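What you see is a predicted model; the values in this text were computed from it and never measured. In what follows, every chain begins at residue 1, and chains take the letters A, B, ... in the order their sequences are listed.
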Protein chains: 2
Amino acid sequence: MSEMQKKEARQRILDAATSLFSKKGYAGVGVREIAKTADVNISMISYYFQGKVGILKEIIDAFHDAYHRVIMDGIDEHKPPEECMRSVIRNLVHFIRTHTELAMAAIHALPLDIPEIAERKAERVSEAFEGINGLVARLGLDPHDVVQMSIVGQALISIIATHFRLRSIQEHVFDIEFDDAFYERYTETISALFIDGITGMAAENQN
Amino acid sequence: MSEMQKKEARQRILDAATSLFSKKGYAGVGVREIAKTADVNISMISYYFQGKVGILKEIIDAFHDAYHRVIMDGIDEHKPPEECMRSVIRNLVHFIRTHTELAMAAIHALPLDIPEIAERKAERVSEAFEGINGLVARLGLDPHDVVQMSIVGQALISIIATHFRLRSIQEHVFDIEFDDAFYERYTETISALFIDGITGMAAENQN
DNA sequence: GCTTTAATCAAACGTTCGTTCAAATATAAT
DNA sequence: ATTATATTTGAACGAACGTTTGATTAAAGC
């Protein structure tokens, strides 16, 4: 029971901060608002996380642990790279859709002006790229061409993440309902864009 | 002279805020820091912009005015759509490269939890999409397919904008120098990705 | 020269910020 | 039951927040 409540208070802080950071950004949220949302005393934040920035570090790590796993789950050396790419994109869309707040907090809400945060983010991003780069190479891109490699890996996550960040705005611009059917087509479309785009690029590289 | 200095103080505030917002986000910057950077008294911010949020509105408008112009400049009904797409991407990359702080402030630093800001952003985004959508339709996508249309337009800007936001991190992950040569290849690569990707999607739509 | 308007200034308003600390309560181990 | 450890509390710290005010200086119109 004590072990339960301990975890519960800690977890409530984490959940509240994730939700608030995703909506208002790290700097836009105060510790009092986090504490109030989590229904804990303000001091508990420093007690469990050694300060506001400590919460963010855990959020970044939690996201990238899952993010890395999601990418790796889609990659199978015994399957054709096109199928792997579809799996990765499908997994990625599903993951960010079901963990939107975590993803937004760990991607868009980050204060990159804090060196501590920028460094940690860089480490985790490079880790994620390792998985993607191998897959992109199997699709025909030259793995030593850092320009192409850096673009494709970054484009993959930025498109999907930005879609969720601007979803409320897109809802206003177009007249779309973001239901299961939408994301089925969304996954297909992004997959087609990347697979056709990459194989097209690879073909041009031959010339 | 008085007319000069008047504009200069106003412009210095705008420039300082743009630079600071782009680095730390809107909520991460205080009016005192803006005033100090611009070398003006704090009161001048309310005097010229009716408060901190007034600066951001001007930044959003300034960016989207230029952004819209840049897109339209690349579109020419008498040229093939592939060539237009290349021009738009080239213009876009060049524009954001030469106005990185303005773009970051108007895209990534936005506090979308402020309804006032979210609405204004939505209006200007929908305006920009109008131009792109016509071009994408000429490349073969069904203009009534809102899913594909919404994805391609959003993907275009999010890839490029996110590249500049995460440039310092990518510099750490890969070992790239972001010089003229890089952006020449960058423009080619993004163009190839989109043109091949879109035409590939269009071909599949026929089935 | 005098009046009107625009621009700049220092100072203060009341809030909120992140963090700390000692005291109090609850749980675990002995 | 008592000690030790973990959790929670309320209060306070100085600093920074965005905004407003009234006075002061500069410029323009007449």
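The side-chain heavy atoms of B/Leu56 and B/Phe49, taken from C-beta on, include no pair separated by under 4.5 Å. Proximity of B/Val125 to A/Gln170: side-chain heavy atoms (C-beta onward) are nowhere separated by under 4.5 Å.
The base of D/dG10 sits within donor-acceptor range of the side chain of A/Ser43, with an N or O pair under 3.5 Å.
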Chi angles and distances behind the side-chain contact (heavy atoms from CB on, under 4.5 Å) call for A/Val29, A/Ile34
CA-CA 7 Å; A/Val29 181; A/Ile34 298 173; 3.6 Å; yes

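Taking atom NZ of residue B/Lys36 and atom P of nucleotide C/dA10, one finds them 13 Å apart after rounding to whole Å. One atom, CD of B/Glu116, and another, P of D/dG18, lie 15 Å apart when rounded to the nearest Å. Whole-Å rounding puts the A/Ile42 CD1 to D/dA12 P distance at 13 Å. Rounded to a whole Å, the CD1 atom of B/Ile55 is 14 Å from the C1' atom of D/dC17. One can place CZ of B/Phe49 at 18 Å from C1' of D/dT20, the figure rounded to the nearest angstrom. The interatomic distance linking A/Asn41 (CG) with C/dA24 (P) rounds to 15 Å, in whole Å. If you measure from atom NZ of A/Lys52 to atom P of C/dT16, you get 15 Å, rounded to the nearest angstrom. One interatomic measurement links the two molecules: CD of A/Gln50 to C1' of C/dT20, which rounds to 14 Å at whole-angstrom precision.
Considering CG of B/Leu14 and OH of B/Tyr48, their distance stands at 12.0 Å, rounded to 0.5 Å. Put simply, OH on A/Tyr186 and CG on A/Asp180 are 15.5 Å apart, with the number rounded to the nearest 0.5 Å.
Formation of a donor-acceptor pair under 3.5 Å by the A/Lys121 side chain with backbone atoms of A/Ala106 is found in this model.
For B/Val31, counting side-chain heavy atoms from C-beta on, the closest listed nucleotide (C/dC9, D/dT8, D/dG18) is D/dG18. For B/Met44, the listed nucleotide lying nearest its side chain is C/dT8; candidates were C/dG18, D/dT9, C/dT8. Taking the side chain of A/Arg32 as heavy atoms from C-beta on, and the options C/dA12, D/dA12, D/dG10, the nearest nucleotide is D/dA12.
A cation-pi arrangement, defined by a distance under 6.0 Å to the six-membered ring centre and an angle within 45 degrees of its axis, is present between A/Lys52 and A/Tyr26.
Counting non-hydrogen atoms under 4.0 angstrom, A/Val29 reaches the backbone sugars and phosphates but no base.
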For Watson-Crick and G-U wobble pairs within 3.5 Å on both distances, what is DNA chain D written in dot-bracket notation, | included for inter-strand pairing?
||.||||||||||||||||||||||||.||

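When the side-chain nitrogen and oxygen atoms of A/Tyr47 are compared with OP1 and OP2 of C/dT19, none of them lie within a distance under 4.0 Å.
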